[in-house]
Amino acid sequence: MRTTLLLVVCAALPTVPQDRVVPGDVTTPYPTIRNLSIEWEIQGDDNLNSRVTVKYRRAGDEAWQEGMPLRRIRAGDSGNRTRPTFSWENKQSGSVFDLRPNTEYEIRLNLTDPDGGSTERTVRARTRGVPRPTPGARVKQANPNNFREVEASAEAGDIIQLTPGYYESFTATRDGVPGRPIVIRGDTSHVVRSTFEGISLEGRKHIILEKLTVNGRVSLVGAEEVAVRHCTVNAKYGITASRPPGCKNCYIADNIVTYVMPWTPEGMGDESIFGGEGCVGEGIQITGPGNVICYNRVKGYRDCISTMEDRNAHEQVSVDIYNNDIYVGADDGIEADFCMGNCRVMRNRLTNCFMGLSSQPSLGGPIYFIRNAMYNIIDAPFKLSRGSLGDVILHNTVVKVGDGLRMPHGPTQYGNSYFRNNLCVGGKGGGKFGRYGSGTGRAIFTPATDPLNDLDYDGVGTHGTPFEG
């Protein structure tokens, strides 16, 4: 009887805060070509005052370089804001940026907490190399009449060199191996290029597509270590892996991806104008971990580059979207929705888009938006909606109509964000655009912020409208 009573009393006691940090494991999941992710699991630190500084160096070097501190991510979940509910663990998390490809690095992490538990760890991680053909590879010639036969007999390391001409849609049947990809390469020396109606690399590994024209979708669902580069894709849905498991460690670079999405005030941000979500175009649309999307020109889509949402979002971690040129997006220029940690959106140029950069929501973070340039954005440069948590927004430049630093979306507040050194200029030309609007020309309008957000050293302004916000 006394045992039973004791259990009842203990169960009724309030939980005691654990302010002392308890360090756990450090991992570096899904290295990309230029960046490394760091995840340090912790327990305790309920008062959120632990800090982790970062130093790194190439393995074998003597001098250390200082990296960006990790971000404190409190365990949580997305609740009823998403379907299904996503959850994340207590951790310190962040990235080391702009490294050399295929290079091993040492990373020194110094965890400090005034309440106790401070420690230091050093880990090693290697960036991935840029996918390349095998040196001295066998070259197999193919034309529209025998391409399927040549592809079906290809071996790891082979280069299939295509003559100019029109090819039917095809589904790849062969895989390469690490260090020996199968390369399918077009001939760009003629007016008529090597042109396909569509290409499926679903479930394939270690393949490189390059210098092809594709007048249809390039599908990468289930692909791993696949590269699509120097291709021209003209399609309503361009390069996609838009359902689980998506693609993993893929490289999408130096492509031109185009469609003609109507640019009308009524259709801004509203797919119902065009018949619903299934009737609108998406440029590069993927889910999955470790993917790199860089140096592409994407024009004329609803969302020009996007990750996936809700049930279609799968392990969206360590994803890089950088140095892309984006032009005419009737909804989002870059939609980094449902990113689950260490997604990096950097140095992109966005011109004539309804929305600039979307994080709707970030699932805990950190999600980085760094040094992006946005011109003629209509609604908002940053869409932090559905309770987005953990956005890091640094050194971005925005010139737009209506409100400058505009983040109107609610009613759920965004939280644990960090803004530094952004320049946002609004002005005349604001008002309603279909169901949505761009504001009245205020310097700043962000009513959905919570007390944990940190905005400082940002420049906001207007041109031709009163300075207010």
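Numbers here simply count residues along the sequence, with the first being 1. None of these values were measured; they are calculated from a predicted model. In what follows, every heavy atom counts, from backbone to side chain, and hydrogens, waters and symmetry copies are set aside.
- Applying the salt bridge (Lys or Arg N to Asp or Glu O under 4.0 Å) rule to pairs touching residues 188-199 yields nothing, sequence neighbours excluded.
- Atom CD of Gln161 sits about 14.5 Å away from atom CZ of Arg138, to the nearest 0.5 Å.
- Under the 3.5 Å distance criterion, with hydrogens and angles disregarded, a donor-acceptor pair is assigned to the side chains of Arg217 and Thr240.
- Asn422 places a side-chain N or O within donor-acceptor distance of the main-chain N or O of Asn396, the cut-off being under 3.5 Å.
- The closest side-chain donor-acceptor pair between Gln285 and Tyr301, if any, does not fall under 3.5 angstrom.
- Residues Ala443 and Thr462 share a closest heavy-atom pair of N-CG2, 3.4 Å.
- Taking the side chain as every heavy atom from C-beta outward, Leu162 and Leu212 approach each other to under 4.5 Å.
- In this structure, Asp456 places its CG atom where more than 12 heavy-atom neighbours from other residues, nucleotides or ligands lie under 6.0 Å away.
- In plain terms, the two heavy atoms of Pro181 and Pro133 that are nearest each other are CG-CA, 4.4 Å.
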Residue pair Ser242, Glu282: steps toward the side chain to side chain contact (heavy atoms under 4.5 Å, CB included) verdict: CA-CA 10 Å; Ser242 52; Glu282 302 282 340; over 6 Å; no

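- Put simply, the side chain of Ser417 never gets that close to the backbone of Gly415: no donor and acceptor are under 3.5 Å apart.
- No more than 12 heavy-atom neighbours from other residues, nucleotides or ligands sit within 6.0 angstrom of CD on Glu89.
- The local environment of CZ in Arg243 is sparse, with at most 12 non-hydrogen atoms from other residues, nucleotides or ligands closer than 6.0 Å.
- Arg344 and Ser37 form a side-chain donor-acceptor contact under 3.5 Å, judged by distance and modelled atom types alone.
- Asn249 and Arg128 share a donor-acceptor pair across their side chains, judged by distance under 3.5 Å alone.
- Partners of Arg347 under the side-chain contact (heavy atoms from CB on, under 4.5 Å) rule, at least two apart in sequence or in another chain, are Asp98, Tyr322, Asn323, Arg371.
- For residues 169-190, the set of pairs meeting the salt bridge (Lys or Arg N to Asp or Glu O under 4.0 Å) definition, not counting sequence neighbours, comprises Asp175-Arg204, Arg185-Glu210.
- Annotation: side chain of Tyr167 is in contact with side chain of Ser194 (closest heavy-atom distance under 4.5 Å).
- Under 3.5 Å, the side chains of Ser95 and Asn35 contain no donor-acceptor pair of N or O atoms.
- In this structure the side chain of Ile334 reaches within 4.5 angstrom of the side chain of Leu350, judged on heavy atoms.
- The ring pair (Phe, Tyr, Trp, His ring centres under 6.0 Å) pairs that include a residue from residues 332-380 are Phe86-Phe338, Phe97-Tyr368, Phe354-Tyr436, where partners are two or more places apart or lie in different chains.
- Under the 4.5 Å side-chain criterion, counting only non-hydrogen atoms from C-beta, Val54 is in contact with Val96.
- We find the CG-CG distance between Leu389 and Asn453 to be 9.0 Å, quoted to the nearest 0.5 Å.
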Residue pair Asp254, Arg229: steps toward the salt bridge (Lys or Arg N to Asp or Glu O under 4.0 Å) verdict: CA-CA 5 Å; Asp254 296 288; Arg229 63 188 188 193; over 6 Å; no

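- A 4.5 Å side-chain heavy-atom check between Thr127 and Arg100 finds every atom pair outside the cut-off.
- Residue Cys250 comes nearest to Cys247 through the heavy atom pair SG-CB, 3.6 Å, listed as atom of the first residue, atom of the second, then distance.
- Residue pairs meeting the ring pair (Phe, Tyr, Trp, His ring centres under 6.0 Å) criterion with at least one partner in residues 209-236, sequence neighbours excluded, do not occur; the list is empty.
- Within a 6.0 Å radius of CZ in Arg57, other residues, nucleotides and ligands contribute more than 12 heavy atoms.
- Proximity of Ile182 to His206: side-chain heavy atoms (C-beta onward) are nowhere separated by under 4.5 Å.
- Surrounding NZ of Lys140 are more than 12 heavy atoms belonging to other residues, nucleotides or ligands, all under 6.0 Å away.
- With sequence neighbours left out, Phe170 forms a ring pair (Phe, Tyr, Trp, His ring centres under 6.0 Å) with Phe147, Phe196.
- Residue Arg121 places its CZ atom among more than 12 non-hydrogen atoms of other residues, nucleotides or ligands, all under 6.0 Å distant.
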Test salt bridge (Lys or Arg N to Asp or Glu O under 4.0 Å) applied to Asp325 and Lys299, step by step: CA-CA 8 Å; Asp325 193 3; Lys299 177 184 178 182; over 6 Å; no

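- Using a distance-only test at 3.5 Å, with no hydrogens or angles considered, no donor-acceptor pair links the side chain of Arg124 to the main chain of Tyr105.
- Using modelled atom types, one side-chain atom of Asn372 and one backbone atom of Val345 make a donor-acceptor pair closer than 3.5 Å.
- No side-chain heavy atom of Thr446 sits under 4.5 Å from any side-chain heavy atom of Leu405.
- For the residue pair Gln316 / Thr287, a side-chain donor-acceptor distance below 3.5 Å is found, with atom types taken as modelled.
- Checked by atom type and distance alone, the side chain of Asp337 never pairs as donor or acceptor with a backbone atom of Pro361 at under 3.5 Å.
- For the residue pair Thr171 and Glu202, no side-chain donor N or O sits within less than 3.5 Å of a side-chain acceptor on the partner.
- Side-chain N or O atoms of Asp158 include none that pairs as donor or acceptor with a backbone N or O of Ala156 at under 3.5 Å.
- Checked by atom type and distance alone, the side chain of Lys400 pairs as donor or acceptor with a backbone atom of Asp379 at under 3.5 Å.
- The existence of a salt bridge linking Arg442 and Asp403 is confirmed by a sub-4.0 Å separation between a basic side-chain nitrogen and an acidic carboxylate oxygen.
- Side chains of Ser362 and Tyr414: no donor on one and acceptor on the other come within 3.5 Å.
- In the model, Thr258 has a side-chain atom that pairs as donor or acceptor with a side-chain atom of Asn234 under 3.5 Å.
- The closest donor-acceptor contact from the side chain of Asn416 to the backbone of Leu452 lies at 3.5 Å or more, if one exists at all.
- We find the CD-NZ distance between Glu225 and Lys248 to be 8.5 Å, quoted to the nearest 0.5 Å.
- One finds the OG1 atom of Thr188 at 10.0 Å from the NE2 atom of His190 (value rounded to the nearest 0.5 Å).
- Separating the CZ atom in Arg81 from the OG1 atom in Thr412 is a distance of 6.0 Å, to the nearest 0.5 Å.
- Judged purely by atom type and a 3.5 angstrom limit, Gln413 uses its side chain to pair as donor or acceptor with the backbone of Thr449.
- Checking side-chain atoms of Asn348 against main-chain N and O of Ile321 turns up a donor-acceptor pair under 3.5 Å.
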Evaluation steps, salt bridge (Lys or Arg N to Asp or Glu O under 4.0 Å), between Asp331 and Arg302: CA-CA 5 Å; Asp331 192 4; Arg302 177 173 178 264; 3.0 Å; yes

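- If you check the side chains of Asn342 and Glu39, you find a donor sitting under 3.5 Å from an acceptor.
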Worked check of side chain to side chain contact (heavy atoms under 4.5 Å, CB included) between Asn421 and Leu394: CA-CA 6 Å; Asn421 302 318; Leu394 310 173; over 6 Å; no

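- Between Pro381 and Leu357, every side-chain heavy-atom pair lies at or beyond the 4.5 Å cut-off.
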Asp332 and Lys383: CA distance, side-chain angles, deciding distance, salt bridge (Lys or Arg N to Asp or Glu O under 4.0 Å) verdict: CA-CA 9 Å; Asp332 300 330; Lys383 181 172 66 176; 3.2 Å; yes

